[in-house]
There are 2 protein chains.
Amino acid sequence: MQSFTEENYLKIIYHLSELTNTVQTNAIAEQIQTKPASVTDMIKKLADKGFVDYIKYQGVTLTERGRNAAINIVRKHRLWEVFLVDKLNFRWDEVHEVAEELEHIKSEALIERLDEFLGFPKSDPHGDPIPDKNGRFAKTQFIKLIDLKIGDGGTITGVSQHSSAFLKHLEKLGLTLGKQIQITDVTDFDGSVEILVENKQINISREVAKHILISTNGKN
Amino acid sequence: MQSFTEENYLKIIYHLSELTNTVQTNAIAEQIQTKPASVTDMIKKLADKGFVDYIKYQGVTLTERGRNAAINIVRKHRLWEVFLVDKLNFRWDEVHEVAEELEHIKSEALIERLDEFLGFPKSDPHGDPIPDKNGRFAKTQFIKLIDLKIGDGGTITGVSQHSSAFLKHLEKLGLTLGKQIQITDVTDFDGSVEILVENKQINISREVAKHILISTNGKN
DNA sequence: TAATTTTTTTAGATTTACCTAAAAATAAAA
DNA sequence: TTTTATTTTTAGGTAAATCTAAAAAAATTA
Ligand SMILES: [Mn+2]
Ligand SMILES: [Mn+2]
Ligand SMILES: [Mn+2]
Ligand SMILES: [Mn+2]
């Protein structure tokens with residue numbers, strides 16, 4: 001069994017692994033809000049326990065064991081987020097912090113019954129896929145809104161930023177999961193994007209457009 | 001805010017306070033599965049933080065602040081137990097361990113919405129009262145089954161032992177919350193008790209009879 | 001009341017997860 | 001290819017929660 005802290009490291013390393021093959025000490029330190037020296041200590045411990053492969057000065061990669069542990073935590077995090085939104089009427093911008101705590105509750109039985117209670121959901125309130133009890137999940141194919149061209153359209157199916165501020169902003173703009181959008185223009189001046197959503201024309205900043213994930217349905 | 005460990009101490013001290021006015025170091029150590037020396041350390045810390053009044057060699061009592069904190073943890077524990085039984089179909093003997101973890105989740109909003117989701121239950125799966133958000137709850141007036149006399153009857157409304165083994169045993173005997181029972185005889189030999197439940201005559205040991213709580217409805 | 005037992009506290013260590021400051025390795029720039 | 005900058009590690013230390021062994025206080029028994 002892993003400690004609360006070890007679980008947090010594993011989860012962070014897992015997420016960072018999606019960006020770079022081997023994960024660097026400083027990247028972990030930044031995510032986990034700690035100092036690089038502390039990360040080095042913990043990495044050694046995780047390596048001793050067989051959760052990561054570690055080469056000094058080179059960074060870490062998860063072992064099979066570490067990956068499974070990490071995916072299990074992600075599964076729990078996302079299931080709890082669904083619970084909070086679907087059953088307790090939390091908004092999508094309120095759930096992440098609480099799920100950060102709930103994801104560490106140990107009981108196997110709890111999570112399996114929760115999954116069933118929620119109807120075996122396939123994705124969480126932010127569009128992220130929920131691994132099943134064997135750790136399997138659909139590798140979803142998203143494209144960033146910022147990478148679409150004028151005339152392209154699609155459905156909002158995810159976000160790559162989970163901060164409350166960002167999610168509240170999207171909510172206010174009416175840009176929630178499942179909404180159909182189409183790119184109508186890109187401003188030369190600041191790179192902001194004009195989009196059509198529910199017959200309304202709105203303008204969103206480059207920064208916002210970067211973090212909205214679209215599953216496209218054609219037009220190029 | 002208190003740590004996970006501090007919360008456990010407060011809760012234990014609260015429960016022990018129902019038995020004795022001032023709570024002894026050894027009693028806490030036994031409950032919390034630790035050594036008296038460790039308890040002394042923690043007690044000093046809780047006293048410094050204003051959660052308990054402490055006189056060396058005499059024991060501790062909760063302050064107003066400590067009592068409120070403890071009741072809040074008890075509230076969370078019992079609400080989670082209701083959730084597990086009512087929503088996730090756990091049996092009453094399976095929930096305690098998981099609730100021991102869930103009771104430490106910090107979010108105020110979570111617990112208020114959970115309470116609402118469960119329909120503001122007044123008691124948990126073991127018949128224990130659930131404090132409301134202001135810490136108020138009905139001081140239930142129970143009598144131990146062992147203290148009833150032949151001919152007395154009542155309703156099972158609680159248990160004073162939460163171990164899985166005990167609860168499973170009651171389940172098997174058909175002695176669950178809400179059942180009507182009546183004492184028909186007390187065996188001289190071993191003090192075991194004959195009771196009538198759902199038109200069946202069964203015999204239970206003194207030990208079992210000690211931990212069943214009855215709200216009586218007459219006959220003496 | 002004195003002797004003995006029980007309870008509680010102190011003293012000094014240990015483990016986990018941190019930290020700062022300084023050294024070592026690697027990467028980037030000149 | 002040096003020099004400089006960045007990244008990472010080591011060394012040594014702190015705070016929280018625990019422990020064992022021994023001392024001190026309180027309660028019990030003789
Ligand atoms: Mn989240
Ligand atoms: Mn999410
Ligand atoms: Mn319980
Ligand atoms: Mn209970």
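Note that the structure is a prediction, hence the values are computed from the model and not measured. In what follows, chains carry the letters A, B, and so on, assigned in the order in which the sequence lines appear, proteins first and then strands, with residues in each chain numbered from 1.
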With sequence neighbours left out, write down each residue that passes side-chain hydrogen bond (donor to acceptor under 3.5 Å, both in side chains) with [X], or none if nothing qualifies.
| X | result |
| --- | --- |
| A/Ser192 | A/Thr187, A/Asp190, A/Asn203 |
| B/Asn68 | none |
| A/Ser160 | A/His211 |
| A/Glu97 | none |

Side-chain polar contacts of residues 13-27 of chain B - donor-acceptor pairs under 3.5 angstrom, sequence neighbours left out - could you list them?
residue	atom	partner	partner atom	Å
B/Ser17	OG	B/Ile13	O	2.7
B/Thr20	OG1	B/Thr22	O	3.1
B/Thr22	OG1	B/Gln58	O	3.1

Item to check | Short side-chain donor-acceptor distance under 3.5 Å, A/Glu101 and A/Trp80 | outcome: no
Checklist entry - Looking at DNA chain D, which of residues 3-12 of chain B put a heavy atom within less than 4.0 Å of it? => result B/Ser3, B/Thr5, B/Tyr9
Checklist entry - For residues 17-33 of chain B, which residues have at least one heavy atom under 4.0 Å from DNA chain D? => result none
Item to check | Nucleotide C/dT9, atom C1' - distance to CD1 of B/Ile43 in whole Å | outcome: 10 Å
Which donor-acceptor pairs under 3.5 Å do side chains of residues 71-79 of chain A form with protein atoms, sequence neighbours excluded?
residue	atom	partner	partner atom	Å
A/Arg75	NH1	A/Asp115	OD2	3.2
A/Arg75	NH1	A/Pro131	O	3.0
A/Arg75	NH2	A/Glu112	OE1	2.7
A/Arg75	NH2	A/Asp115	OD2	3.2
A/Lys76	NZ	A/Glu103	O	3.4
A/Lys76	NZ	A/Ile105	O	3.1
A/His77	ND1	A/Glu103	OE1	2.7
A/His77	NE2	A/Glu81	OE2	2.8
A/His77	NE2	A/His96	ND1	3.2
A/Arg78	NH1	A/Pro129	O	2.7

Checklist entry - Should the pair B/Lys106-B/Glu7 be classified as a salt bridge under the 4.0 Å nitrogen-to-oxygen rule? => result yes
Checklist entry - Counting only non-hydrogen atoms, which of residues 55-63 of chain A are less than 4.0 Å from DNA chain C? => result A/Tyr57
Item to check | Of residues 35-42 of chain A, the positions that come close to DNA chain C - non-hydrogen atoms, cut-off under 4.0 Å | outcome: A/Lys35, A/Ala37, A/Ser38, A/Asp41, A/Met42
Checklist entry - So B/His126 and B/Trp92, would you call those rings parallel, tilted or perpendicular, with 30° and 60° as cut-offs? => result parallel
Item to check | Listed partners of A/Phe4 passing ring-ring contact (aromatic ring centres under 6.0 Å, His included), at least two apart | outcome: A/His104
Next on the checklist: Just to verify, what does A/Tyr9 make a ring-ring contact (aromatic ring centres under 6.0 Å, His included) with, not counting sequence neighbours?
Outcome noted: none
Checklist entry - If you count the non-hydrogen atoms of other residues, nucleotides and ligands that lie under 6.0 Å from NZ in B/Lys49, is the total more than 12? => result yes
